[in-house]
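Report on the structure given below.
Both counts, for ligands and for their atoms, begin at 1 and track the order of listing.
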Amino acid sequence: MKKYLVIGNPIDHSMSPLIHNYWMKKYHLSNSIYDKKKVEEKDLKNIIQEIKDNKIIGMNVTVPFKKLIIPFLDKLNPIAEKTESVNTVLKINNQIMGYNTDQPGFNLTVEELFPNNKIKGKTVFILGAGGVTSSIIHSLENKDVEIIISNRTRNKAEELKKKYKKIEVLDWGKRPTKCDVVINTTSIGLKKNEKINLNFDDCEGCDDKLFYDLIYNPQETVFLKEARLRGNKVINGQKMFLYQAKYAFDLWMNIKPEIDDEIIKFFKND
Ligand code: ATR
């Protein structure tokens, strides 16, 4: 059996096994299986050794290990290197390679939301400065938008600014005077009824403003529900999640899997 795995902590909520096992079946990879495992930081070295020993063939990495895994890898692809964030691992020519497929996953979602770079000139307000935020900034950086970021621990946002000079940092709890797109990259909302302490009441009826939550489970966080009720445009993290999975599957299997109706159904009953 060829074993694939997603590691994280917590990991229960991850839908990666469901998606990848579905594709493995669909593309007749009957000797492959995808599992999830809750690990601690001290386990990372051994997990990578298992990849070296071919006991694990491919791996996804999620919160909070996307950066912590890097010292154990031999080589990173350019996006993983720049964002210091790895979500996909595999062995190529005896080297353990780290890739970032979150960034292209987010990028594709934005291109679909704003065809022909219609996002150009807009102001994007990013909440959070956690593991995935650098992938979001990396993608927006080339789109000629104004980027403002705010994180509870301001220092982490300042660290991102060192690398992505264009961004502006705001204190947590403050809002920019103007913004067209608000993206939640924090984990607030993963637990039901968790609320971000920011008031967007003045966006009532603004159907041109987009509120984007990277969370996909639950499907509608309080952040998105409030925006929907105000009449704003909303999107959750489902597409980005599926696209990053698609890119990861392609890296491992050399197959571009289809996001078909069955896959969409997995999200209907959560
Ligand atoms: P990590 O920071 O280890 O990469 P993450 O889950 O990727 O973990 O990121 C969590 C993000 O959600 C961070 O931006 C975090 O803010 P801090 O940097 O201040 O920790 C944010 N976050 C989580 N819970 C929060 C809360 N209750 N209020 C505000 N921000 C919160």
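- Aromatic ring centroids of Phe65 and Phe72 lie 6.0 Å or more apart.
- When hydrophobic residues (I, L, V, M, F, W, Y) are linked wherever their side-chain heavy atoms come within less than 4.5 Å, the members clustered with Val182 are Phe125, Leu127, Ile148, Leu170, Trp172, Ile188, Ile196, Leu198, Phe200, Phe211, Phe223, Leu224, Val234.
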Hey, what polar pairs (N/O, under 3.5 Å) does ligand 1 make with protein?
residue	atom	partner	partner atom	Å
ligand 1	2 (O)	Lys156	NZ	2.8
ligand 1	4 (O)	Gly131	N	2.9
ligand 1	7 (O)	Gly131	N	2.9
ligand 1	12 (O)	Ser187	N	3.2
ligand 1	14 (O)	Ala129	N	3.0
ligand 1	14 (O)	Asn151	OD1	2.7
ligand 1	16 (O)	Asn151	OD1	3.3
ligand 1	18 (O)	Asn151	ND2	2.8
ligand 1	18 (O)	Lys156	NZ	2.8
ligand 1	19 (O)	Arg152	NE	3.0
ligand 1	19 (O)	Thr153	N	3.0
ligand 1	19 (O)	Thr153	OG1	2.5
ligand 1	20 (O)	Arg152	NH2	2.9
ligand 1	27 (N)	Arg152	NH1	3.4

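- Under the 4.0 Å criterion applied to side-chain N and carboxylate O atoms, Lys26 and Asp260 are assigned as salt-bridge partners.
- At least one side-chain heavy atom of Met240 sits under 4.5 Å from a side-chain heavy atom of Tyr212.
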Distance-only donor-acceptor pairs under 3.5 Å for side chains of residues 3-12, two or more places apart:
residue	atom	partner	partner atom	Å
Asn9	ND2	Val39	O	3.1

Give the table of side-chain donor-acceptor pairs shorter than 3.5 Å for residues 47-58, with sequence neighbours excluded, one pair per line with atom names and distance.
residue	atom	partner	partner atom	Å
Gln49	NE2	Asp53	OD1	3.1
Asn54	OD1	Lys91	NZ	2.9

